[in-house]
Visitor: 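Dropping a structure here in structure tokens format, bear with me for questions.
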2 protein chains.
Amino acid sequence: MDLRHLRYFVAVAEEENIGRAAARLHISQPPLTRQIQQLEEELGVTLFLRTPRGMTLTQAGELFLEEARNIRALVEQATERTQRAGQGKLGRLDVGIFGSAILDAIPKLLLAFRNRHPDVKVVLHTMSKGEQIEALRQRRISVGFNRMLAPLEDIGVCQVTTEGLLVAIQADDPLARQPVIRFAELQQHPLILFPTGARPSFIDKVIGLCSTAGFQPTISQEVGDAVTGVALVASGFGVCLVPDSATTLQFPGVVYRTLADTPPNFFVDLSCIYRKDDQSPLLGAFLETVEEFKKASPAPPRA
Amino acid sequence: MDLRHLRYFVAVAEEENIGRAAARLHISQPPLTRQIQQLEEELGVTLFLRTPRGMTLTQAGELFLEEARNIRALVEQATERTQRAGQGKLGRLDVGIFGSAILDAIPKLLLAFRNRHPDVKVVLHTMSKGEQIEALRQRRISVGFNRMLAPLEDIGVCQVTTEGLLVAIQADDPLARQPVIRFAELQQHPLILFPTGARPSFIDKVIGLCSTAGFQPTISQEVGDAVTGVALVASGFGVCLVPDSATTLQFPGVVYRTLADTPPNFFVDLSCIYRKDDQSPLLGAFLETVEEFKKASPAPPRA
DNA sequence: CCCACTCAATACCTCCAGGGTATGATCTGG
DNA sequence: CCAGATCATACCCTGGAGGTATTGAGTGGG
């Protein structure tokens with residue numbers, strides 16, 4: 001049996017006349033007759049009563065008509081759904097993120113993606129940079145988000161945003177009175193650094209900035225993410241250098257100040273990573289959305 | 001697309017290897033490769049990732065695999081169900097019956113049919129002899145049950161049972177003291193006759209018997225069916241001649257007595273009727289059951 | 001009562017597509 | 001670097017789907 005048989009059968013059942021059904025199917029009458037006979041023979045069941053006025057369904061034929069319609073509808077639906085899946089409009093995308101990156105860009109990006117592809121289920125997994133790469137290689141995620149990603153053989157990188165640097169400082173600190181702080185002025189303040197974990201990381205960037213400014217920083221504490229860092233600032237552990245987006249974290253007793261003299265072209269990047277060999281249309285659609293997002297976002301701020 | 005494509009696709013998806021799948025399908029490898037390519041082209045979707053180790057499904061392929069399995073299962077089920085319907089093992093059989101025929105044979109017969117064909121829904125419609133024939137012609141029923149059916153051009157008849165004749169009489173009637181009553185002894189008793197409606201009927205048979213016995217009966221009342229007739233006997237309206245099976249009707253104050261001298265070969269028949277041109281396997285199966293039933297039943301009693 | 005009409009069925013032909021064999025291209029593991 | 005595995009390509013062949021012409025059967029109107 002063949003889907004063609006079902007199509008023909010339904011046509012004949014609906015027209016109750018082989019000639020008209022053949023016309024509807026854009027074939028001639030004799031092949032249609034044969035196909036129907038073939039179908040009946042294969043099933044071993046008489047589906048139609050031949051009357052001088054045409055064909056009428058038997059009880060078994062009535063039943064088979066229902067089934068045939070179901071099957072055809074299911075086939076239609078299957079192709080439609082599969083095509084949507086093939087275009088990255090249907091399916092599931094596993095995304096690795098790290099704690100404090102959820103602050104600004106990622107939610108907006110994911111929202112944009114959801115709007116474009118409402119039937120894609122996006123599943124977020126919080127994991128560190130190293131875990132993300134491992135998970136990519138094991139195909140447990142398709143995309144990861146992180147900062148300071150070194151290029152790798154099998155992993156592609158796509159920069160999502162660049163941000164400038166701010167300093168989070170206690171509101172009652174004398175320096176907080178200045179609208180802009182010079183880097184060297186931080187020398188006497190103990191630094192809270194993040195994230196712990198795989199190096200190189202944001203930590204190294206901050207330490208590098210200090211040496212450029214001519215001093216060795218006093219490290220007060222290393223913490224996992226920006227949120228914890230700013231919380232420690234509120235508690236008086238010191239100051240903390242954070243990306244622009246951290247300003248969405250409003251802590252009582254903490255203010256953010258611009259740094260006057262970060263080097264030109266300095267920025268904190270947020271990138272997403274993916275398998276270079278991943279041809280999945282879902283990944284393609286996602287990276288497309290990332291590109292759109294970069295275009296729509298304001299140009300990277302320069303310190 | 002074709003059911004063949006689905007079968008091939010499922011095999012490849014399960015084997016994850018075109019060569020093995022081809023072996024399983026009893027075809028050679030190249031045609032299978034082509035069929036898969038064709039399927040992908042038609043859908044416009046990459047279903048498999050070609051790796052040096054074989055084929056693995058893409059996300060869209062995974063989805064299509066599910067759908068393909070569903071479709072194939074549905075096709076299987078459809079053919080199976082249709083075949084059962086074609087063998088008269090599945091479907092619906094509308095049966096016309098008349099009130100008091102439900103007494104003995106019909107329930108047993110329907111029970112036997114239900115046991116043989118548990119998935120056939122038997123729908124009973126109470127209707128008179130004339131209505132049954134009309135309903136057969138309009139295909140509203142497929143089988144009718146009645147007595148004294150004259151053969152017709154388009155309607156086939158099949159005798160189900162033959163029964164002897166009894167007389168229902170008040171228990172305190174003097175005649176009731178005899179175990180056997182001769183027909184002529186009924187001469188003084190008013191008769192309750194049934195059924196009203198289309199002639200010839202059981203009524204004519206009873207009147208004929210009376211004339212044979214040499215008297216003109218006094219007609220007390222004509223009623224619709226045996227149940228009502230026996231009820232009137234209980235109320236003292238007279239006596240009522242009924243088929244054997246009426247003894248299942250136990251009314252207080254009514255007894256049944258054998259008639260000593262009904263003519264040889266006399267019987268009350270119960271037959272079923274059907275369209276001669278009805279080729280439905282359901283009808284065939286039903287008539288088969290009727291034949292079985294007749295064989296299994298005791299030979300027709302002779303008065 | 002017969003002829004014209006309507007359908008389905010049959011006979012026969014053509015051609016494409018599905019299947020086969022042989023071979024190529026590519027990657028991997030010893 | 002070679003042997004083996006795996007998918008892809010090239011090419012041929014045959015069965016079957018579709019086409020045309022015709023027959024067969026049953027119906028209704030004149």
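Residue numbers begin at 1 in each chain, while the letters A, B, ... track the order of the sequences.
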Visitor: Rounded to whole angstrom units, what separation is found between the CG atom of Leu49(B) and the C1' atom of dC7(D)?
Guide: 14 Å
Visitor: Might you work through the ring pair (Phe, Tyr, Trp, His ring centres under 6.0 Å) test for Phe145(A) and Phe98(A), ending with a clear yes or no?
Guide: CA-CA 7 Å; Phe145(A) 279 98; Phe98(A) 66 101; 8.6 Å; no
Visitor: If I take atom CG in residue Asn17(B) and atom P in nucleotide dA8(D), what distance separates them, rounded to the nearest angstrom?
Guide: 11 Å
Visitor: Within the 4.0 Å limit for protein heavy atoms, which parts of nucleotides 17-30 of chain C are touched? Write it as a string from 5' to 3', B for base, S for sugar-phosphate only, - for none.
Guide: -SBBBB----SSS-
Visitor: What is the distance from CG of Leu25(A) to P of dA17(D), rounded to the nearest Å?
Guide: 15 Å
Visitor: Side chains of Tyr274(B) and Cys158(B): does their closest heavy-atom pair fall under 4.5 Å?
Guide: yes
Visitor: Any heavy-atom pair between the side chains of Arg139(B) and Arg275(B) that's under 4.5 Å?
Guide: yes
Visitor: Which whole-number value in Å describes the distance from Met55(A) CE to dA8(C) P?
Guide: 6 Å
Visitor: Within this structure, what is the CD1-to-P distance between Ile36(A) and dC7(C), rounded to whole angstrom?
Guide: 17 Å
Visitor: Run the side chain to side chain donor-acceptor pair (under 3.5 Å) check on Glu41(A) and Gln37(A) step by step: do they pass?
Guide: CA-CA 6 Å; Glu41(A) 183 153 358; Gln37(A) 289 172 335; over 6 Å; no
Visitor: Rounded to whole angstrom units, what separation is found between the CD atom of Gln37(A) and the C1' atom of dC7(C)?
Guide: 13 Å
Visitor: Can you find a pair of side-chain heavy atoms, one from Glu40(B) and one from Leu47(B), that are under 4.5 Å apart?
Guide: yes
